[in-house]
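Heads up: the structure comes next, in structure tokens.
We count ligands from 1, going down the list as the structure has it; atoms in each ligand are counted the same way. Computed from a predicted structure; not experimentally measured.
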Amino acid sequence: MDGVTVINHPLVQHKLTIMRKAETSTAGFRRLLREISTLLCYEVTRDLELTMETIQTPMQEMQAPVLEGKKLVFASILRAGNGLLEGMLELVPSARVSHVGVYRDHETLEAVEYFFKAPEGLSERLIIVVDPMLATGNSAIAAIDKLKERGATRLRFLCLLAAPEGIRNFQEAHPDVPVYTASIDSHLNEQGYIVPGLGDAGDRMYGTK
Ligand code: URA
């Protein structure tokens, strides 16, 4: 699928399978989510640009590569996106973090922003927007709308699971934003859950159901 990278690293796929199992505990799910998010972060940052810097080793001076540009931003779509942050920040401790909360108004069907916080200089940073599930795509679309309204231009979207319907909607709204996922599942059911999926990601990571 154009614009979608499926991260099929064996460790990612193995951990995802355990996360999908209904019998996996909240503690187990959370631990796996932290581990898998580190691996996903490694893949989504694989092609970041480097620049050369002069450093002094104990032996001699050399030109050595460092990440180019301003610090990355990880933008979490509340609340389940927060589950991906911990593992990603372990890998990129200097990343800045944005939180975006949106809900759908049942009457107008508009996406309403209830929380937004982001670092300065969004227009100059690469922003990796995270949410474990790309289901209908509505919250991802709305969150990215909000980031673009504040100047974001370079974005990627990272999730664990995606539904084909969600990918279609998302790409229609934001064709410039590449999607990274560990799996494209079969479909969405009538309640908007990804099938076979893993259930409600927020409930599974926080034990709220
Ligand atoms: N959100 C979830 O947490 N799970 C789904 O299957 C769909 C949306």
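Ligand 1 is approached by Gly192 to a heavy-atom distance shorter than 4.0 Å.
A cation-pi arrangement is found for Arg150 relative to Phe116, the charged atom lying closer than 6.0 Å to the ring centre and inside a 45° cone about the ring normal.
Atom 6 (O) of ligand 1 has as its closest protein heavy atom Ile194 N, 2.7 Å. In this structure, atom 2 (C) of ligand 1 lies nearest to the protein heavy atom Met133 CG, 3.5 Å.
Considering each of Ala135, Ala163, Gly199, the one bringing a non-hydrogen atom nearest atom 4 (N) of ligand 1 is Gly199.
Between the side chains of Ser183 and Arg20, a donor-acceptor pair is found at a separation under 3.5 Å.
Within ligand 1, counting atoms from 1 as listed, the ones closer than 4.0 Å to a heavy atom of Ala201 are 2 (C), 3 (O). The contact set between ligand 1 and Asp200, taken as ligand atoms under 4.0 Å from a residue heavy atom, comprises 2 (C), 3 (O), 4 (N).
Note on Arg168 versus Glu172: no salt bridge recorded, every NZ/NE/NH1/NH2 to OD/OE distance being 4.0 Å or above.
Looking only at distances, a side-chain donor or acceptor of Ser25 sits under 3.5 Å from a matching main-chain atom of Gly28. In this structure a side-chain-to-backbone donor-acceptor pair under 3.5 Å is missing from Thr181 to Val6.
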